[in-house]
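These notes are about the structure you will find just below.
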Amino acid sequence: MKTAITPTRAENFSEWYQNLIVAADLAENAPVRGCMTIKPYGWAIWELMRDEMDKRIKASGVQNANFPLLIPIEFFNKEAEHVAGFAKEAAVVTHYRLKMIDGKLQPDPESKLTEPYIIRPTSETIIGEAMSRWVQSYRDLPLKLNQWVNVMRWEMRPRMFLRTSEFNWQEGHNVFATHEEANEDARKMHKMYGDYMRDVLAISCVMGEKTPEERFAGADHTYTVEQIMQDGKALQAGTSHDLGQHFAKSFGIQYLGTDGKLTHAWTTSWGTSTRMMGGLIMTHSDDDGLVLPPAVAPHQVVIIPITRGDENISAMNEYIAKLEQELRNHNIRVLVDNSDMRSADKMWKWIKRGVPLRVEVGAREMDDGVVTMTRRDLGKSSRETVAIKDFSETVSHRLDSMQHDMLAAVQERNKKMIHDVANLDELDSALANGEIGFFRIKYTETQNERFDALMEKYKITRRCLDDKDPTFVFVAKSY
RNA sequence: CGGGGCGUAGCUCAGUCUGGUAGAGUACUUGCUUUGGGAGCAAGGUGUCGAAGGUUCGAAUCCUUUCGCCCCGACCA
């Protein structure tokens, strides 16, 4: 059978992924190294993801703000571990003016900045500086801020959505009076991310704390949401950090307590990015293209008129317009594809773009007062005839079921992707046999040189400790 | 930054070894016939051959320099 995307997942997973992004019209490589242009359809998905996340962030008492893109180099220098973590991938702004020299436009040597700026790879430092002024009294705490911005990390090996030099994200930064509150907050946002992935993206994740080896630069504790892709590799989709007093001390974030003493505060930071879209794609899609959970589908329903040129077009338009309006009235995102294309081409177009429900309306349907409807996740076998009197109700049901079934399918697959191993012998032989997925093993089993050798040999890493029993660690290959 | 590869039509690439003045497929436009899971025929437009310099009567092709990109590592949301 012919598939819309070649190669298939089985043939070459990463090439399938790249080609799907192009076929679904989500994004393309930009003429800037390591950067991508997110196209309107891809951005529409991101906006839905973002809006839902933003709602949840605000519901947890966080306010949005916006800090500068450029960070003075000395800010960066204040937190030693942080510098070590990001110095290797910083884009630096050194001049403020261009000049035509020898017929070529280039930075004017005269305009060299005495203090260069770094394009933010993350904003702990510049937000820390502001917090040091905004936090004076225990009454100013907790202070909870978030921003939706783009950041830049000069990545060595970019891949669309998964790792681009510039990416869009939200970064939350909270300050508390006590360590207990800060740690609780980091865990709370961690849980919020897990709930979001499950309820909105229909992805169940492996949740847990990063081991010290994998922790964020400058954090005491890092909590991560790890997704399992169809090829068994891990994707870190959201992290939440308990930063202890590292940044509070580096930036002088102090408050005067009820006891009259000046005390350093405790901070957290937490983020999710457009990488989630990569996870969404690699989790749900198939060899015919994208499959979107209804919650983040720009068009939940596409209505395709089937015309042969001999039917009454205006009657059909009227028939379809009613259906369209009915769905709109029920807040269902619907698109009528009246474009001048052959109907078979339209169908493939929307299959590739992952529209949850395709509705076909032709002369046959009009005569019978019905529509033909097909679910994207189940394909042709789910094709059904729906009477128009039950239309919006059936559509709502199918969308709900699809959202639910997609999650169930991922949960089912994840079960098969997570393997318990008792020791390094078992881990070694499982990997040698080409088993893919996550391996759950006692953390103490990994504290030795033999495990280091296995990491090297199979390109695996510790993903996180198991939230349900932190003496166990999940090990996997990752993106 | 190490190891490999590639820059030629919107896209994918052939042509380079052996120098002779630009090709294919696809996409696009138009027309006719088609149309319920990717249609067929016909006609049509498309290039500073990555850039600069050199050799030559003549360079996509040979030489030198340079820029950029992709893949595999090290790094990461």
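So you know, we letter chains A, B, ... as the sequences are listed, proteins then strands, and number each from 1.
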Spacing of the C1' atoms in rU35(B) and rA39(B) (rounded, Å): 8 Å

Closest to side chain of Glu89(A), choosing from rU35(B), rA77(B), rC76(B): rC76(B)

Pair Arg463(A)-Glu226(A), salt bridge (charged side-chain N to carboxylate O under 4.0 Å, His left out): steps then yes or no: CA-CA 7 Å; Arg463(A) 302 316 305 163; Glu226(A) 300 280 325; 3.0 Å; yes

Proximal nucleotide (of rA77(B), rG37(B), rG38(B)) relative to the Ser273(A) side chain: rA77(B)

Gap in Å between the two C1' atoms, one belonging to rA14(B) and one to rC49(B), rounded: 13 Å

Closest-nucleotide 5' rank along RNA chain B - winner of Arg358(A) and Gly271(A): Arg358(A)

Nearest-neighbour nucleotide for the Arg159(A) side chain, rG37(B), rU34(B), rC72(B) considered: rC72(B)

rA60(B) versus rG7(B) - spacing of their P atoms, nearest Å: 16 Å

Nucleotide opposite rC1(B) in a Watson-Crick or G-U pair, distances under 3.5 Å: rG73(B)

Nearest-angstrom distance, P atom, rG10(B) to rC28(B): 15 Å

Sugar-phosphate, base or nothing in reach of Thr164(A), heavy atoms under 4.0 Å: base

Pairwise P distance for rG4(B) and rA59(B), with rounding to whole Å: 33 Å

Sugar-phosphate only, base, or nothing, as touched by Phe86(A) at under 4.0 Å among non-hydrogen atoms: nothing

Sugar-phosphate only, base, or nothing, as touched by Thr372(A) at under 4.0 Å among non-hydrogen atoms: base

For rA22(B), the Watson-Crick or wobble counterpart (both distances under 3.5 Å): none

Base-pairing assignment for rA14(B) (Watson-Crick or G-U wobble, both under 3.5 Å): none

Base-pairing mate for rU29(B) - Watson-Crick or G-U, with both contacts under 3.5 Å: rA43(B)

Sugar-phosphate only, base, or nothing, as touched by Ile351(A) at under 4.0 Å among non-hydrogen atoms: base

Side chains of Phe161(A) and Arg275(A) in contact at under 4.5 Å (non-hydrogen atoms): no

Partner nucleotide of rC62(B) by Watson-Crick or wobble geometry (both distances under 3.5 Å): rG54(B)

Touch class at under 4.0 angstrom, heavy-atom based, for Glu360(A) against every strand present: base

Counterpart base for rC6(B), defined by Watson-Crick or G-U wobble contacts under 3.5 Å: rG68(B)

Nearest-nucleotide pick for Phe167(A), side chain only, options being rG37(B), rU34(B), rA77(B): rA77(B)

Integer angstrom distance from the P of rU18(B) to that of rG44(B): 38 Å

Complementary nucleotide for rC49(B) - Watson-Crick or wobble, under 3.5 Å: none

Sugar-phosphate only, base, or nothing, as touched by Glu166(A) at under 4.0 Å among non-hydrogen atoms: nothing

Stepwise salt bridge (charged side-chain N to carboxylate O under 4.0 Å, His left out) check, Glu384(A) with Arg398(A): CA-CA 11 Å; Glu384(A) 62 179 327; Arg398(A) 296 295 176 272; 2.5 Å; yes

Derivation and outcome, side-chain hydrogen bond (donor to acceptor under 3.5 Å, both in side chains), residues Thr372(A) and Glu365(A): CA-CA 7 Å; Thr372(A) 299; Glu365(A) 283 82 0; 2.5 Å; yes

Residues Lys457(A), Asp428(A): salt bridge by 4.0 Å N-O rule: yes

Ser14(A) vs Ser165(A), nearer the 5' end of RNA chain B by closest nucleotide: Ser14(A)

Sugar-phosphate only, base, or nothing, as touched by Gly362(A) at under 4.0 Å among non-hydrogen atoms: base

Touch class at under 4.0 angstrom, heavy-atom based, for Lys352(A) against every strand present: base

Over-ring placement of Arg376(A) relative to Trp348(A), 6.0 Å and 45° cut-offs: no

Closest nucleotide among rA77(B), rG38(B), rU35(B) to the Ala4(A) side chain: rG38(B)

Sugar-phosphate, base or nothing in reach of Leu162(A), heavy atoms under 4.0 Å: base

